[in-house]
Structure formats: structure tokens, C-alpha cells
Asks: 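Encoded as C-alpha cells, here's the structure I'll be asking about.
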Amino acid sequence: MLTTFLFLLLTGNPSLALPAITSNSCTRETLHQHTESYLSAQTAGNPLLLLGTTAAPIVYTEDFVSRPISSSILNTPLRISHNRSLLDTTQCATYTELIVTDPANSRVIGTQIRFNPSGDTIQKIETLVTMEGDWAFNASLTYFYANRETENNLWFTIPKAERDSRQVIQAAADAYLDLFNDPTVKVPWGTPCNRLEGSWYTGNFTATDSCNVGVPTGVVIKDRRYVIDETVGTVDAFVLFGTRPDSHEFRVERGKLRLVHTLTVMRNVTG
Ligand SMILES: *[C@@H]1O[C@H](CO)[C@@H](O)[C@H](O)[C@H]1NC(C)=O
Ligand SMILES: *[C@@H]1O[C@H](CO)[C@@H](O)[C@H](O)[C@H]1NC(C)=O
Ligand SMILES: *[C@@H]1O[C@H](CO)[C@@H](O)[C@H](O)[C@H]1NC(C)=O
């Protein structure tokens with residue numbers, strides 16, 4: 001604060017002084033409030049509950065195609081059956097997984113939101129809205145497995161002393177994603193480990209469940225945009241899976257993969 005004050009005195013220019021006061025102001029509390037606003041907006045079908053009334057310019061994409069927020073999924077009220085969010089205070093970003101089983105509009109949605117460093121302005125919203133026609137789509141079944149993971153407390157908050165660093169969490173994700181184009185990559189498989197891909201579940205909720213049950217080869221996974229929350233050892237990456245808009249989310253414990261959730265858009269989407 002003192003430096004900011006001196007800087008102001010010296011330059012008389014408040015806009016130049018801004019970076020000095022923005023460090024460390026993107027807190028979990030701030031990000032949690034934003035994810036709550038996002039859920040309210042999507043529940044009501046009213047984007048203003050997320051955006052507020054200030055018309056800051058925002059990049060908005062749906063299935064990686066830019067579109068006006070006024071014609072986005074945020075204008076459709078959805079009855080949300082399940083939500084879980086990652087809070088990344090380092091990048092000032094969030095990821096939210098939503099499942100809507102309501103047959104009127106069944107959807108499984110993943111949304112990354114990026115803020116300015118002080119966490120008060122949205123800069124970018126990217127959302128993947130999966131539905132009938134997408135990879136293994138069945139929202140009721142996805143809900144069944146996601147809810148069972150929650151009931152079994154598989155996404156618990158990791159005690160501080162046992163948390164992996166951002167680098168370790170991201171490296172586990174990258175190893176898995178690299179495997180699709182390089183079979184020699186060493187992936188830190190954990191046990192038990194389960195993959196929820198659309199509504200397809202690899203495991204059984206038993207101690208021996210493995211995620212090493214085959215991945216296709218020859219798929220380049222690029223344009224990776226991460227949101228990382230060390231408190232739950234989890235990273236979400238929005239990627240191009242070959243040519244498909246895709247989300248891969250990984251839960252990592254002590255450097256090893258334990259849970260994977262994926263969403264893959266298979267419809268040919270256009271703006
Ligand atoms: C989001 O999930 C939490 C539990 O993790 C729940 O308490 C809350 O009501 C949910 N919010 C909505 C809008 O469904
Ligand atoms: C989704 O899965 C449930 C449970 O297996 C099944 O009963 C239902 O028919 C499936 N829905 C569709 C549209 O395939
Ligand atoms: C699930 O468990 C049953 C019996 O416990 C076993 O036969 C089956 O192979 C298991 N499936 C998977 C995918 O692990």
C-alpha cells in the first residue's frame with residue numbers, strides 16, 4: 001500500500017499504479033462467489049447474474065465457437081442436478097462441471113472462466129455443452145457415477161501437508177494426454193483409478209479399479225488450457241482432442257492419477 005501511495009504521489013497516475021495493489025487479491029472466497037453467480041445465472045437463464053451490469057468486453061465461446069452471450073446456453077434456465085468447481089487463485093480462473101438430468105434439457109456442461117488478476121472482472125468464458133450426439137452422452141448415467149464419487153467422498157479436500165504442487169498435478173495430466181500420441185510416455189497411474197467419459201465408466205468402485213484400460217493412439221491433443229486447484233489435487237484442461245472440442249479433468253493424489261472426467265463434443269458445431 002505504501003509503495004502504491006508513493007507511486008501515486010510521484011506519477012499522479014492511478015492507472016499506472018494498479019498492478020501494485022492487485023497481487024494476492026484473487027482469493028478462493030472471490031472465486032467461490034463467482035462460481036455461485038455462474039450457477040445462479042445458469043439456473044435462472046439470466047447471464048446478467050454472472051456478468052453484472054457493467055458491459056466489459058468478454059471472450060465467450062461455446063464448444064470452442066465464439067458467439068454472443070445473448071444467444072448462449074446461459075439464456076436457457078437449467079435445473080442443475082450436480083455441480084463441482086475448481087478454484088485456481090494463481091491464474092484467477094475457475095472450472096465448473098454441471099450435470100442436468102432434466103429430460104427437457106439434459107446436458108453435461110464444463111465451463112472455464114478467466115478473470116483479471118484482481119478477480120473483479122471476467123475476461124473469458126469457455127463452455128462445452130454436451131448433449132445427445134456427443135461422446136457416450138447420457139446425463140442420467142453420468143449423474144449416477146459422478147454422484148456416487150461424491151457420496152464416496154473421492155473429491156475430498158487434501159490436507160495441506162499432502163498436497164501436490166501445481167507442476168506435479170499438471171505433469172500427471174500432460175503425461176496422460178501425451179500418451180494418445182506417444183505410447184512410450186510414462187503415466188503415473190494410481191490405484192484405484194476411474195475414468196468417467198461422457199457416461200462411460202471404467203471402474204466398479206473397488207480397490208483394484210484401473211484407468212490403464214486402453215487409450216487410442218495417434219490422437220494429437222493440443223491447445224491445452226488448464227485450471228488447477230491444488231486443494232483438491234485437480235486440473236481441468238480444455239483441449240482439441242484431434243479435431244474435437246474436449247475437456248479432460250484429472251484428480252491427482254501424491255502425484256498419481258485417481259479420477260478422470262471427460263467431455264467430448266462429437267456434433268459438427270458451427271457459429
Ligand atoms: C452446487 O453443489 C453444492 C454441493 O456441492 C450444493 O450445496 C449446491 O446447492 C449446488 N448448487 C446448485 C445451484 O445446484
Ligand atoms: C441412460 O442410461 C440409463 C441407465 O442405464 C438408461 O436407463 C437410459 O435408457 C439411458 N438413456 C438413454 C437416452 O439412452
Ligand atoms: C466389476 O466387478 C465385477 C465383480 O466384482 C467384475 O467381474 C468385473 O470385471 C468388474 N468390472 C470392472 C470394469 O472392473
Side-chain angles (χ1 to χ4, degrees), residues 27-52 69 72-89 93-113 122 125 127-159 194-206 209 213 227-236 247 249-251 253 258-259 261-267:
T27 62
R28 292 186 64 80
E29 185 49 37
T30 303
L31 291 175
H32 175 70
Q33 281 167 13
H34 286 309
T35 57
E36 290 293 305
S37 302
Y38 168 65
L39 295 174
S40 303
Q42 189 60 81
T43 300
N46 179 1
L48 291 181
L49 297 181
L50 171 62
L51 304 177
I69 227 164
S72 72
I73 184 73
L74 282 166
N75 296 274
T76 304
L78 297 178
R79 283 175 41 189
I80 296 168
S81 316
H82 158 98
N83 73 87
R84 186 173 47 74
S85 292
L86 307 180
L87 310 178
D88 182 337
T89 54
T94 61
Y95 172 71
T96 302
E97 174 187 76
L98 295 183
I99 304 174
V100 180
T101 58
D102 181 358
N105 267 311
S106 63
R107 299 283 183 273
V108 181
I109 298 173
T111 301
Q112 291 190 350
I113 306 180
I122 297 174
I125 303 174
T127 186
L128 293 172
V129 185
T130 63
M131 61 184 82
E132 194 62 45
D134 292 324
W135 180 258
F137 185 79
N138 181 329
S140 308
L141 205 47
T142 304
Y143 175 76
F144 172 80
Y145 290 120
N147 187 51
R148 194 151 165 200
E149 288 179 349
T150 306
E151 282 175 356
N152 288 3
N153 198 25
L154 300 188
W155 294 90
F156 66 89
T157 298
I158 298 171
N194 290 315
R195 285 158 56 182
L196 177 57
E197 309 193 343
S199 66
W200 179 60
Y201 206 65
T202 56
N204 246 347
F205 296 94
T206 58
D209 285 344
V213 291
V227 172
I228 300 173
D229 186 339
E230 301 96 309
T231 70
V232 283
T234 302
V235 52
D236 175 72
S247 168
E249 186 186 22
F250 302 91
R251 159 95 174 188
E253 294 175 25
R258 298 296 296 274
L259 296 164
H261 282 196
T262 76
L263 299 173
T264 312
V265 175
M266 301 302 285
R267 292 160 294 116

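Model, not experiment: these values are computed from the prediction. Every number for a ligand or one of its atoms is a count from 1 in the order of the listing.
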Asks: So, for atom 2 (O) of ligand 1, does the protein have a heavy atom nearer than 4.0 Å?
Replies: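 Yes, at least one protein heavy atom sits under 4.0 Å from atom 2 (O) of ligand 1.
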
Asks: Students often mix this up, so state it plainly: with edges at 30° and 60°, are the rings of Tyr143 and His82 parallel, tilted or perpendicular?
Replies: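 Perpendicular: the ring planes of Tyr143 and His82 meet at over 60°.
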
Asks: Within the 4.5 Å heavy-atom criterion, are Ile109 and Thr130 side-chain neighbours or not?
Replies: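 When only atoms from C-beta onward are counted, Thr130 and Ile109 do not touch, as no gap falls below 4.5 Å.
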
Asks: Among all protein non-hydrogen atoms, which one is nearest to atom 14 (O) of ligand 2, and what is the separation to 0.1 Å?
Replies: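 Closest protein heavy atom to atom 14 (O) of ligand 2: Asn138 ND2, 3.7 Å.
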
Asks: Val227 and side-chain contact (heavy atoms from CB on, under 4.5 Å): which single residue from Ile113, Thr234, Thr94, Asp88 fits?
Replies: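 Option passing the side-chain contact (heavy atoms from CB on, under 4.5 Å) with Val227: Asp88.
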
Asks: Find out whether the Lys NZ or Arg CZ of Arg251 is both under 6.0 angstrom from the six-membered ring centre of Phe156 and within 45° of the ring's axis.
Replies: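 Positive - Arg251 is close enough to the ring of Phe156 and near enough to its axis.
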
Asks: Are the side chain of Asn204 and the backbone N or O of Thr206 linked by a donor-acceptor pair below 3.5 Å?
Replies: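 Not a single qualifying donor-acceptor pair exists.
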
Asks: Nearest protein heavy atom to atom 7 (O) of ligand 1: under 4.0 Å?
Replies: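 Protein heavy atoms within 4.0 Å of atom 7 (O) of ligand 1 - there are none.
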
Asks: Does the pair Asp102/Arg107 count as a salt bridge with the N-to-O cut at 4.0 Å?
Replies: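 Here Asp102 does not pair with Arg107 in a salt bridge, since their nearest N and O are not under 4.0 Å apart.
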
Asks: Considering only non-hydrogen protein atoms, determine which one is nearest to atom 4 (C) of ligand 2 and report residue, atom name and distance to 0.1 Å.
Replies: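 Ranked first by proximity to atom 4 (C) of ligand 2 is Leu141 CD1, 3.9 Å.
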
Asks: Looking at ligand 2, does any of its N/O atoms fall within less than 3.5 Å of an N/O of Ser140?
Replies: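 In fact, backbone or side chain, Ser140 has no N or O that close.
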
Asks: Could any protein non-hydrogen atom be found less than 4.0 Å from atom 12 (C) of ligand 1?
Replies: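 At least one protein heavy atom is under 4.0 Å away.
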
Asks: Which is closest to atom 5 (O) of ligand 1 by heavy-atom distance: Thr43, Thr35, Thr96, Asn83?
Replies: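 Among Thr43, Thr35, Thr96, Asn83, the closest heavy atom to atom 5 (O) of ligand 1 comes from Asn83.
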
